[in-house]
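Working notes, beginning with the structure itself.
Note that the numbering runs from 1 along the sequence shown for the chain.
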Amino acid sequence: MKKISDYNFEGKRALIRVDFNVPLNKDTLEVTDTTRIKAAVPTIKRVLNGGGSVVLMSHLGRPKNIPEPRFSLKNIVESVEEELGQKIQFATDSIGDRAFEQSSNLKPGEVLLLENLRFHQREKKGAEDFAELLAKHGDVYINDAFGTAHRAHASTTVVADFFPNDKMFGYLIEKEIESVDKVLNSDQKPLVAIVGGAKVSSKITIINKLLDKVDTLIIGGGMAYTFAKAQGGSVGNSLIEDDYLDTARSIMAEAERKNVKLLIPRDTLAADEFSDDANTQVCKTNNIPDGWLGLDIADEAISEFKAEIVGAKLILWNGPMGVFEMNNFQNGTKEIALAVAEATQNGAFSLVGGGDSVAAVNKFKLSENVSHVSTGGGAMLEYLEGVKLPGIAAILKD
Ligand code: AMP
């Protein structure tokens with residue numbers, strides 16, 4: 001497989017699938033958060049500094065398969081120019097005659113941004129004829145949009161077939177893949193996984209996968225109450241999935257069989273309503289009074305979880321420990337984030353990915369203190385679950 005760091009881009013046009021699906025101000029249509037644009041810069045610069053030119057393609061928002069000005073990538077041109085530190089060209093249609101003229105006239109060092117791919121229905125359908133047209137824009141294809149790697153769209157997957165010998169990952173995807181590999185496939189120990197968030201149902205596949213790999217599995221967030229109830233506890237009005245009580249029981253049995261230490265919060269910060277202004281009390285997770293609901297983990301659970309985390313060599317964190325969006329119920333998630341940061345400082349490798357734990361480390365300004373924060377969302381969760389992502393498979397296949 002070709003690697004972006006080794007490839008000779010001299011005189012080549014690189015067609016790069018980036019993730020420029022950035023938030024825009026509803027009224028002014030200005031970019032409100034440039035994180036994704038910034039993140040793409042190293043890959044773009046690598047091509048330009050290597051003597052090549054760049055054609056950028058992305059989707060933005062959810063247009064209804066036709067051009068809609070509020071979803072035009074023209075809105076982000078200035079931000080891209082600012083981040084790259086140079087002027088760029090814009091093509092008003094990703095596959096129009098003018099766009100092909102523009103891409104074929106690119107000189108080394110120049111950048112062209114194509115209009116929103118999803119203005120064409122054929123993008124999401126993964127249409128081969130659309131992918132073939134896109135492929136005409138480049139001599140080499142780079143996929144650096146991890147967030148859409150789980151979709152078999154024309155620009156993320158099908159287009160790669162038109163570059164059998166000249167396709168590769170950009171730095172962002174490379175780092176995402178390396179991070180998961182490092183956590184799930186290295187023999188350093190102990191490996192501690194922290195899984196939180198709202199529901200058991202959305203995390204069951206990843207939990208099953210993790211039971212084969214981890215030494216310790218920490219369960220927090222809303223899903224912990226289904227486990228506590230499955231053990232016979234009273235959990236008041238906490239979030240419960242009654243259909244998953246058996247699943248929770250079989251996860252606990254499986255953990256025991258596989259010698260995985262499974263930790264469920266011993267205590268809980270309970271509230272009398274789902275509100276930041278609610279009255280609160282700390283109670284045992286298996287003894288929450290009727291009418292009260294668990295919205296965060298409490299001190300005993302925090303200490304027990306922290307002790308495991310700071311002793312870990314590898315850490316995977318997916319999903320918050322409580323309703324961290326509300327300030328009164330953020331403490332558990334914050335303390336866990338601090339423990340992950342501390343372990344990282346002591347030499348552990350930590351990956352935060354998939355689900356709201358990414359938003360949590362950002363809220364607590366700790367994203368620089370962990371080894372890798374995934375940009376992948378749903379793609380990261382699927383990748384961790386062991387799903388073969390089409391966008392990744394397309395680059396790896398011969
Ligand atoms: P997920 O996307 O599955 O990682 O779930 C994240 C969501 O779970 C966040 O919005 C949290 O507010 C929510 N959550 C975490 N703990 C609880 C809880 N104890 N009760 C209800 N929702 C929770």
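Counting all heavy atoms, side chain and backbone alike, L366 lies closest to A337 at CD1-CB, 3.6 Å. The two atoms that bring K167 and I395 nearest to each other are CE-O, 3.5 Å, heavy atoms only. Smallest separation of non-hydrogen atoms from L191 and I315: CD1-N, 4.4 Å.
N237 places no side-chain N or O within donor-acceptor distance of the main-chain N or O of L293, the cut-off being under 3.5 Å. Checked by atom type and distance alone, the side chain of T333 never pairs as donor or acceptor with a backbone atom of P320 at under 3.5 Å. Of the possible polar contacts, none joining the N143 side chain to the F169 backbone as a donor-acceptor pair under 3.5 Å is found. A donor-acceptor pair is defined here as one N or O able to donate and one able to accept, closer than 3.5 Å; no such pair exists between the side chain of D267 and the backbone of K284. Distance alone, capped at 3.5 Å, is enough to place a donor-acceptor pair between the N318 side chain and the G353 backbone. Remark: the backbone N or O of E304 is not paired with any side-chain donor or acceptor of E308 at under 3.5 angstrom.
Counting heavy atoms from C-beta on, the side chains of F20 and L56 come closer than 4.5 Å. Counting heavy atoms from C-beta outward, R151 and P390 have side chains that stay 4.5 Å or more apart. For the pair V47/I16, a side-chain contact is recorded, criterion being any heavy-atom separation below 4.5 Å from C-beta on. F119 places none of its side-chain heavy atoms less than 4.5 Å from the side chain of I66.
A parallel orientation is assigned to the rings of F163 and Y141, their planes being inclined by less than 30° (bins at 30° and 60°). The aromatic rings of H120 and F130 are tilted relative to each other, their planes meeting at an angle between 30° and 60°.
When the options K182, E178, E176 are evaluated for a side chain to side chain contact (heavy atoms under 4.5 Å, CB included) with H372, the one that passes is E176. The residue from L112, V111, T43 that alone fulfils the side chain to side chain contact (heavy atoms under 4.5 Å, CB included) condition with V54 is V111. The salt bridge (charged side-chain N to carboxylate O under 4.0 Å, His left out) test with E83 is passed by exactly one of K38, R36, K45: K38.
In this structure, a donor-acceptor pair under 3.5 Å is present between the side chains of N327 and K363. Remark: the T156 side chain and the T148 side chain contain no N/O donor-acceptor pair separated by less than 3.5 Å.
Using a 4.0 Å cut-off between charged nitrogen and carboxylate oxygen, D139 and K12 do not count as a salt-bridge pair. Using a cutoff of 4.0 Å between basic side-chain nitrogens and carboxylate oxygens, K2 and E174 are not scored as salt-bridged. Looking at K74 and E115, no side-chain N of the basic residue comes within less than 4.0 Å of a carboxylate O on the acidic one, giving no salt bridge. Ion pair K87/E81 flagged as a salt bridge, since at least one NZ, NE, NH1 or NH2 atom sits closer than 4.0 Å to an Asp/Glu carboxylate oxygen. With respect to D93 and R98, no salt bridge is recorded, no charged nitrogen being found less than 4.0 Å from a carboxylate O. D129 and R122 are joined by a salt bridge, as a carboxylate oxygen and a charged side-chain nitrogen come within less than 4.0 angstrom of each other. Comment: R17 does not engage D144 in a salt bridge, judged by the lack of any side-chain N to carboxylate O separation of less than 4.0 angstrom. Ion pairing between a basic and an acidic side chain is recognised when a charged N comes within 4.0 Å of a carboxylate O; K3 and D6 show no such pairing.
Distance CZ/R46 to CD1/I142: 8.5 Å, rounded to 0.5 Å. Going from atom CZ of F349 over to atom OG of S371 covers 5.0 Å, rounded to the nearest 0.5 Å. Rounded to the nearest 0.5 angstrom, N328 CG and D277 CG are separated by 7.5 Å. Taking OG from S104 and NZ from K136, the interatomic distance works out to 11.5 Å, rounded to the nearest 0.5 Å.
In terms of the side-chain hydrogen bond (donor to acceptor under 3.5 Å, both in side chains) criterion, N346 has no residue partners (sequence neighbours excluded). Judged as a side-chain contact (heavy atoms from CB on, under 4.5 Å), and not counting sequence neighbours, the contacts of P23 are T32, D33. Under the rule for a side-chain hydrogen bond (donor to acceptor under 3.5 Å, both in side chains), the partners of T268 that lie at least two apart in sequence or sit in another chain are Y225, T285.
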Let me see the working for L338 and F364 under side-chain contact (heavy atoms from CB on, under 4.5 Å), right down to the final yes or no.
CA-CA 9 Å; L338 286 166; F364 306 131; over 6 Å; no
Could you check D212 against K258 for salt bridge (Lys or Arg N to Asp or Glu O under 4.0 Å), going step by step and ending with a plain yes or no?
CA-CA 7 Å; D212 287 329; K258 291 182 170 152; 2.8 Å; yes
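Heavy atoms of other residues, nucleotides or ligands lying less than 6.0 angstrom from CD of Q345 number 12 at most. A 6.0 Å sphere centred on CZ of R249 holds more than 12 heavy atoms belonging to other residues, nucleotides or ligands. Surrounding CD of Q281 are more than 12 heavy atoms belonging to other residues, nucleotides or ligands, all under 6.0 Å away. Other residues, nucleotides and ligands contribute at most 12 non-hydrogen atoms within 6.0 Å of the NZ atom of K199. Shown here is E325, whose CD atom has more than 12 heavy atoms of other residues, nucleotides or ligands within 6.0 Å.
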